[in-house]
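Take a look at the structure set out below.
Convention: sequence-line order gives letters A, B, ...; per-chain numbering from 1. As the structure is a prediction and not an experimental result, all values here were calculated from the model.
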2 protein chains.
Amino acid sequence: MAEIITDRKSQITEKATRLFRERGYAATSMRDLAAAIGIEAASLYSHLRSKEELLNRICFGMAESFFRARDQVQSLQLAPPVQLRLAIEKHVEVITNDVNASAVFQHEWRYLSEPDLSVFKSMRGEYEAYFMDILSRGKAAGHFQIENEKLAVLSLLSALNWLYDWYRPEGRLQPHEIAAQLSEQVLNGLIKKS
Amino acid sequence: MAEIITDRKSQITEKATRLFRERGYAATSMRDLAAAIGIEAASLYSHLRSKEELLNRICFGMAESFFRARDQVQSLQLAPPVQLRLAIEKHVEVITNDVNASAVFQHEWRYLSEPDLSVFKSMRGEYEAYFMDILSRGKAAGHFQIENEKLAVLSLLSALNWLYDWYRPEGRLQPHEIAAQLSEQVLNGLIKKS
DNA sequence: CCTACCGATCGGTAGG
DNA sequence: CCTACCGATCGGTAGG
């Protein structure tokens, strides 16, 4: 691995992402973080104002990545089944692109304090609404069979969101291959139609 | 709500379950827990030896519930597609039966220390292997279409495991109705076959 | 980026 | 189940 030159703040954020993912936000101390970088805890505060600022950067950084993915998908006018496939692929791309940040995004956002906490929740709701809209239009157009759309959309997203725990960049399967299998599973199910 | 008479230790465990779920294990102090019960923090230690003992009880209690569900399913000799439906139903039942404990089980187990941590992980692996076995046998018998079985089983379980966050006992949908829709989604997918 | 330090809080114990 | 308390650790600041 080549030494990558980045500024100190980016380095701190990256180390924090890894530690928050491994130990959890609440169980990671600023002294842990400082030690991982090789400086004293007090020195961190010349680069940032608080521990929560780090959590903030990570959570909202991921939220923006998901939004960018959504905007790309929505800019194309696609029929619901193919749009859903694309939305899944882009979602998987965002997760696999930074598995540590994805894990923190999924699990540690609740340690945000207000008003960020509410902003975060509403952004997440907006993203779920984007998937919900695809399902609803697909159902209305007769493409999809769905009883309860809220149940469907949340289980669908959950079926993707654990990937940060399994995906390995050096592994055999590429993100688009993973996305393809999961799309197939979500759209056509496990039962073989003979 | 009627006042339910239980012994102190059960009461402490139940309050701990709720607090660990709401705030996370690491961010819940024994003083928080004591205050929720209405005693002093030091008094907790006449009922238990450590904070981790509580986490232990919750995590392994859930693990045993999942194992009992598995044993019920395996005691019936069923063809893979119908066995999978039943496994999903039982899994959903366990989660909906105690949503707080389910949340702690899903997210806080990593704060267990050795040797419990390793025991927990191997139990979880055994449970995943039980679902994996259903999928493998179903695939071998020509019932299922699955490319990567590990990917399939983990996304399947993830599609169920978020339910603790959504299910409300007082809500409209009963656990078996939720299980039925999710089974349908997993087995036949979202695409309508006309 | 460091040394030195703050008040608050942590899990847990002693002794009754 | 309480009062009183332990050493350790927390996020963060002052001042250089």
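Base pairing of D/dG16 is made with C/dC1, judged by Watson-Crick or G-U wobble geometry with both donor-acceptor distances under 3.5 Å. Across all strands shown, the partner of C/dC6 is D/dG11, judged by Watson-Crick or G-U wobble contacts whose two distances both fall under 3.5 Å.
For B/Ile39, whose side chain is taken as the heavy atoms from C-beta onward, the closest listed nucleotide among C/dA4, D/dC1, C/dC1 is D/dC1. Distance from the side chain of A/Tyr45 is smallest for D/dG12 among the nucleotides D/dG12, C/dC1, C/dG11. Here D/dG11 is the nucleotide among D/dC1, C/dA4, D/dG11 with the atom lying nearest to any side-chain atom of A/Lys51.
The side chain of A/Ser29 contributes no N or O atom lying less than 4.0 Å from OP1 or OP2 of D/dT9. Phosphate proximity of C/dC1 to A/Ser46: absent, as no side-chain N or O sits under 4.0 Å from OP1 or OP2.
The environment of A/Arg124 atom CZ is dense: over 12 non-hydrogen atoms of other residues, nucleotides or ligands sit within 6.0 angstrom.
Between B/Thr28 and A/Arg8, it is A/Arg8 whose nearest contact on DNA chain C lies nearer the 5' terminus.
Atom pair A/Glu40:CD and D/dG11:P shows a separation of 14 Å (rounding to whole Å applied). The interatomic distance linking B/Leu33 (CG) with C/dG12 (P) rounds to 12 Å, in whole Å. At whole-Å resolution of the value, CD1 in B/Ile12 and C1' in C/dG12 are 15 Å apart. Atom CD1 of B/Ile37 is separated from atom P of D/dC1 by 9 Å (rounded to the nearest Å). Following rounding to the nearest Å, B/Leu44 (CG) and D/dC1 (C1') show an atom-to-atom distance of 10 Å. At whole-Å resolution of the value, CG in A/Leu19 and C1' in D/dG11 are 16 Å apart. Put simply, CZ on A/Arg31 is 13 Å from P on C/dC2, counting in whole angstrom units. If you take OH of B/Tyr111 and P of C/dG11, they are 13 Å apart, rounded to a whole angstrom.
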**Item:** Chi angles and distances behind the side-chain hydrogen bond (donor to acceptor under 3.5 Å, both in side chains) call for A/Glu52, A/Asn56
**Value:** CA-CA 6 Å; A/Glu52 194 175 326; A/Asn56 215 293; 4.8 Å; no
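Inter-residue side-chain proximity for A/Glu126 and A/Arg70 is flagged as met; some heavy-atom pair is nearer than 4.5 Å.
Residue-to-nucleotide contacts include no donor-acceptor pair under 3.5 Å from the side chain of A/Arg49 to the base of D/dG12.
A cation-pi geometry, defined here as NZ or CZ lying under 6.0 Å from the six-membered ring centre and within 45° of its normal, does not hold between B/Lys51 and B/Tyr111.
Ring orientation note: the planes of B/Phe105 and B/Phe66 are tilted relative to one another, at an angle of 30° to 60°.
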